[in-house]
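The next block holds one structure in the form of structure tokens; read it before the comments.
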Protein chains: 2
Amino acid sequence: MSFNILYLHLDYTRRKMFSKACKYAINAMIYVATLPEGQERAGLKEISKAINSPEAFTAKILQELVRHDLFSSVKGPNGGFHIQGNPNKIFLSEIVEAIDGDMLFTGCALGLEKCSEDHPCPVHHKFLAIRDHLTGMLMTTSLRDVADRVNIGISFLKY
Amino acid sequence: MSFNILYLHLDYTRRKMFSKACKYAINAMIYVATLPEGQERAGLKEISKAINSPEAFTAKILQELVRHDLFSSVKGPNGGFHIQGNPNKIFLSEIVEAIDGDMLFTGCALGLEKCSEDHPCPVHHKFLAIRDHLTGMLMTTSLRDVADRVNIGISFLKY
DNA sequence: ATATTAAAGGACAAAAATATCCTTTAATCT
DNA sequence: AGATTAAAGGATATTTTTGTCCTTTAATAT
Ligand code: FES
Ligand code: FES
């Protein structure tokens with residue numbers, strides 16, 4: 001019942017960089033990456049509790065991550081999700097791309113059909129640097145990197 | 001009818017940095033800033049044609065910009081919207097904040113309630129630099145800057 | 001004054017994103 | 001083999017974002 005909604009049906013004060021789905025995906029993978037050796041698998045309930053996300057919605061996202069070969073899953077007792085591959089070799093960019101797609105990495109800031117040097121929008125030249133900065137960060141930050149920060153207690157997946 | 005929708009009701013391959021509303025807002029203000037002296041006012045129809053945006057939706061956004069004192073408007077014949085203030089002193093950050101809010105500038109990348117040094121998410125330290133880069137760019141790029149690029153023909157508002 | 005013009009505003013509609021519930025499938029345990 | 005467990009998947013609901021339409025308000029022109 002915000003001031004905005006009252007007058008204009010627009011309440012954009014919540015726009016973020018990533019979708020919620022994407023954040024849940026990243027957090028879920030980070031959480032599983034933090035698990036100790038020998039028990040590096042977690043179920044939906046455990047994951048969504050750990051990252052404070054709605055269970056059923058998280059289930060959909062985990063399924064999608066399985067389809068993208070980022071997670072693999074096992075059914076039945078002691079089943080759950082574990083990371084497919086080496087967390088040192090899985091980068092945040094892969095998770096973002098799996099869920100939010102690659103428009104953040106390639107799309108035009110001002111909505112032109114496509115971003116190009118030939119026909120640039122008015123912020124193209126300045127936006128490129130930011131886009132590349134973001135892309136570079138995500139492509140060089142591995143799941144292990146961030147999971148370690150959580151394990152040593154300097155970063156958190158929820159509050 | 002994408003492959004994604006077929007299987008999971010998730011088709012996030014379009015996530016962008018800014019909302020459509022925000023892009024329309026920026027483009028509309030840039031367009032009006034490109035108008036020659038003596039005729040620096042444009043109507044809804046002219047604007048939405050120039051920036052290739054849906055007219056009625058654009059109307060709502062222009063109203064919002066008026067409420068935020070970025071545009072002022074005049075009704076009746078030869079009415080329309082003109083920039084409130086000096087385009088040299090209006091920065092893209094103000095438009096983004098008016099429409100998308102300030103979460104892009106202040107919010108946590110991974111969805112924590114609030115972004116803070118005390119209780120940072122696992123990408124906080126790396127994300128800060130990107131957020132600041134983006135914020136800095138938007139806070140230092142004036143409407144005049146970008147409008148000039150359009151006027152000299154090196155940038156475009158539509159394709 | 002009246003007609004015309006264009007923005008403001010309200011109501012509503014469609015699409016996308018977020019979220020829940022329930023059934024089915026497949027793994028494990030007894 | 002049968003019971004139990006947990007992911008997969010389908011259907012549906014809610015909220016947010018995007019979009020349209022129509023009436024009202026206010027400015028200008030005749
Ligand atoms: S054309 Fe707009 S960001 Fe490249
Ligand atoms: S706490 Fe997540 S970006 Fe600062």
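Letters A, B, ... are given to chains in the order of the sequence lines, protein chains preceding strands, and every chain is numbered from 1. Computed from heavy atoms alone, side chains included, the values below leave out hydrogens, waters and symmetry copies.
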Check your understanding: Under 6.0 Å from the CG atom of B/N78, do we count more than 12 heavy atoms belonging to anything else shown?
Key ->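 Count not over threshold, so no.
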**Study point:** NZ (A/K158) with more than 12 external heavy atoms under 6.0 Å
**Key:**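 Result for NZ/A/K158: enclosed.
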Answer yes or no: does a side-chain N or O of [X] lie under 4.0 Å from OP1 or OP2 of [N]?
X	N	value
B/R67	C/dA7	no
A/S73	D/dA8	yes
A/Y24	C/dA19	yes
B/K20	C/dA16	no

Check your understanding: Has the side chain of B/Q63 got a donor or acceptor atom sitting under 3.5 Å from an opposite partner on the base of C/dG9?
Key ->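 Between C/dG9 and B/Q63, which were checked side chain against base, a qualifying N/O pair under 3.5 Å is present.
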Check your understanding: Is B/F81 close to B/L65 at the side-chain level, that is, under 4.5 Å between some pair of heavy atoms?
Key ->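 No, side chains not in contact.
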Practice item. Under the side-chain contact (heavy atoms from CB on, under 4.5 Å) rule, collect the residues that match up with B/C108, sequence neighbours excluded. Key: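 Once residues adjacent in sequence are excluded, the partners of B/C108 under the side-chain contact (heavy atoms from CB on, under 4.5 Å) criterion are B/L110, B/L112, B/C115, B/C121.
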Practice item. Sort out for me which residue in A/I95, A/I51, A/L138 forms a side-chain contact (heavy atoms from CB on, under 4.5 Å) with A/I26. Key: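 Single side-chain contact (heavy atoms from CB on, under 4.5 Å) partner of A/I26 among A/I95, A/I51, A/L138: A/I95.
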Review point. According to the ring pair (Phe, Tyr, Trp, His ring centres under 6.0 Å) rule, which pairs have a member within residues 27-55 of chain B, sequence neighbours left out?
Key: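 Passing the test, one end in residues 27-55 of chain B: no pairs.
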Practice item. Hey, could you give me each pair passing side chain to side chain donor-acceptor pair (under 3.5 Å) that has a residue in residues 118-128 of chain B? Not counting sequence neighbours. Key: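 Side chain to side chain donor-acceptor pair (under 3.5 Å) check on residues 118-128 of chain B returns A/T141-B/K126, A/R149-B/H125, B/E117-B/H124.
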Review point. Which pairs, with at least one residue in residues 129-140 of chain A and sequence neighbours excluded, count as a side chain to side chain donor-acceptor pair (under 3.5 Å)?
Key: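 As it turns out, the side chain to side chain donor-acceptor pair (under 3.5 Å) pairs with a partner in residues 129-140 of chain A, which skip direct neighbours, are A/H133-B/H133.
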In whole angstroms, how far is the [atom2] atom of [N] from the [atom1] atom of [X]?
X	N	atom1	atom2	value
A/I47	D/dA8	CD1	P	10 Å
A/N52	C/dA19	CG	C1'	15 Å
B/K16	C/dA17	NZ	C1'	15 Å
A/I61	D/dA7	CD1	P	15 Å

Polar pairs (N or O, both sides) under 3.5 Å between protein and nucleotides 23-29 of chain D?
unit_1 : atom_1 : unit_2 : atom_2 : d
D/dT25 : O2     : B/K75  : NZ     : 3.1
D/dA26 : O4'    : B/K75  : NZ     : 3.2

Exercise for review: May I ask you to decide if A/E97's main-chain N or O and A/D102's side chain share a donor-acceptor pair within less than 3.5 Å?
Suggested key: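 No; zero donor-acceptor contacts below 3.5 Å.
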Exercise for review: For DNA chain D, find the residues of residues 38-45 of chain A with a heavy-atom distance under 4.0 Å and give them by number; none if there aren't any.
Suggested key: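 Heavy-atom contacts with DNA chain D come from A/G43, A/L44.
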**Study point:** Sugar-phosphate, base or nothing in reach of B/F71, heavy atoms under 4.0 Å
**Key:**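 No contact.
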Practice item. Return the nearest nucleotide to the side chain of B/F81; candidates are D/dA11, D/dC21, C/dA7. Key: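 My answer, after comparing the listed nucleotides, is C/dA7.
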Check your understanding: More 5' along DNA chain C: B/V66 or A/T58, using each one's nearest nucleotide?
Key ->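 Its nearest nucleotide being more 5', the pick is B/V66.
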